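One structure is given here, and the rest of the page talks about it.
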There are 2 protein chains.
Amino acid sequence: MSQADSLTIEKILKVAEEHFAVHGYYATSMRQLTREADVNVAAVHYHFGNKEALFLAVLKRRIAPFVLMVLDNMKQKAQLHASVRPEDLVQAFVDVCLQYVRDFDREAGLVTRLVTRLMVDEYKVFREQLAQEYSDIIESILHLFEQALPHLDKETVRWRMHIALSTLFNSFAGNDVLKALARREWVNAKNPEQVARYVVPFVVAGLVAP
Amino acid sequence: MSQADSLTIEKILKVAEEHFAVHGYYATSMRQLTREADVNVAAVHYHFGNKEALFLAVLKRRIAPFVLMVLDNMKQKAQLHASVRPEDLVQAFVDVCLQYVRDFDREAGLVTRLVTRLMVDEYKVFREQLAQEYSDIIESILHLFEQALPHLDKETVRWRMHIALSTLFNSFAGNDVLKALARREWVNAKNPEQVARYVVPFVVAGLVAP
DNA sequence: GTCTATACGGAGATAGAC
DNA sequence: GTCTATCTCCGTATAGAC
């Protein structure tokens, strides 16, 4: 029986990705997770090996399709015009996020939350395993940014892309400094349409800044 | 004996803030922390109550002075000109970060890392306890942003401030999406001077975007 | 080949001896 | 104030049931 056909594996992955995205790697309990998925704890170790490997499986399943879709969407938008426009690159990212929300990620931010978790936790093991898979895609995206910002030197382009993507991932993950520091709710950071509306002009302006 | 005079408390706090900032709340082990601080595990429970309370103590000690310093610096810069300028507000934040690096935070990003941890973890207990302390300060900072961006409606100002502060905290925390997803090092996200150089024009442009 | 039952060491928490 | 003993829950490993 192939992995994809196994009901047990699917049940584990479904509950696991939710837990990892919402609570993070360390705060996720294998026992609670398997209880919720109605699966024995040891079944996870049989199918995946250990907690790290399960997390990796979740990441690989969700991040690769997302990043690839972003790249494709960027290329597609770029072809509509004579030159690559910064606003098209940003909009491509946003479109994929909104499409994910419509299609399957109703809670919004599953993939983006997983990525921001990776960002702050700097888990070396995961990075070494994941880097290989996405390096080429990220390289292609950088190439598009270089075309979109021809007046800037390459070091600056890398930094702007770095800040732009960090901001986009964090915004769609619903991460909210103001909510963390202040009492009343300032903005509805969990609403993807609202996020899209306000983050696009901000990031585009940041990219093309003098 | 007052808390500030206790050597044990000081030893615990010093090691704890390092561990919490670098590894996060859940990945921090009380046993490892106390071993490193050369203090008995139960001493933490005696002086602070539990792990949550210790984390709160660390946050209160570091975040309040930082945020207050940012507000003061913003007000100070604002008084130098007839109107409040967006670039002054951003530069005020950056100046405080760089001053922290020079003065005591040699590893850089202790405070900013703690805040980004709070952002992604959404730990309700901490928020309820902390929100009260910083609400007024954040409110004052919002007031400055409203003065600096008079042509924008208040909803937009809140969103721009939200995105700007998120980006600033994340940048100085050294959080790096590209490093999380790709193999080779794209930018030196851990170098505060480099961060300052590239993040300021980006965020200022984002704030004043049409 | 799949999965269950169970045991082990380490974590945070706490009561109570000193 | 300090520290030991102990409780419960965690991730993990493994033997064996089906």
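Residue numbers begin at 1 in each chain, while the letters A, B, ... track the order of the sequences. Everything numeric in this text was worked out from a predicted model, so none of it was measured.
Minimum atom distance to the side chain of A/Y46 is reached by C/dG1, of the listed C/dG1, D/dT2, C/dA5.
A side-chain donor from one of A/H19 and A/E36 sits under 3.5 Å from a side-chain acceptor of the other. Side chains of A/D153 and A/T156: a donor on one and an acceptor on the other come within 3.5 Å.
Residue A/T8 has a polar side-chain atom (N or O) positioned under 4.0 Å from OP1 or OP2 of C/dC3. Taking 4.0 angstrom as the limit, A/H47 places none of its side-chain polar atoms (N or O) nearer than this to OP1 or OP2 of C/dG1.
Between A/Y25 and A/F55, the angle of the ring planes lies from 30° to 60°, which puts this pair in the tilted group.
Judged as a side-chain contact (heavy atoms from CB on, under 4.5 Å), and not counting sequence neighbours, the contacts of B/V101 are B/A108, B/P192.
The only member of A/V199, A/V70, A/T112 that meets side-chain contact (heavy atoms from CB on, under 4.5 Å) when paired with A/L168 is A/V199.
The nearest whole Å value for the distance from the CG atom in B/L7 to the P atom in D/dG1 is 12 Å. Regarding B/N40, its CG atom lies at a distance of 13 Å from the P atom of C/dG12, rounded to whole Å. Atoms CD1 (A/I12) and P (C/dT2) sit 12 Å apart, rounded to a whole Å. Taking atom CG of residue B/L33 and atom C1' of nucleotide C/dG12, one finds them 12 Å apart after rounding to whole Å.
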Which letters describe nucleotides 6-12 of chain D, given B = protein heavy atom under 4.0 Å from base, S = only from sugar-phosphate, - = neither? ----BBB

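Residue pairs meeting the salt bridge (Lys or Arg N to Asp or Glu O under 4.0 Å) criterion with at least one partner in residues 37-60 of chain B, sequence neighbours excluded, are B/K60-B/E133.
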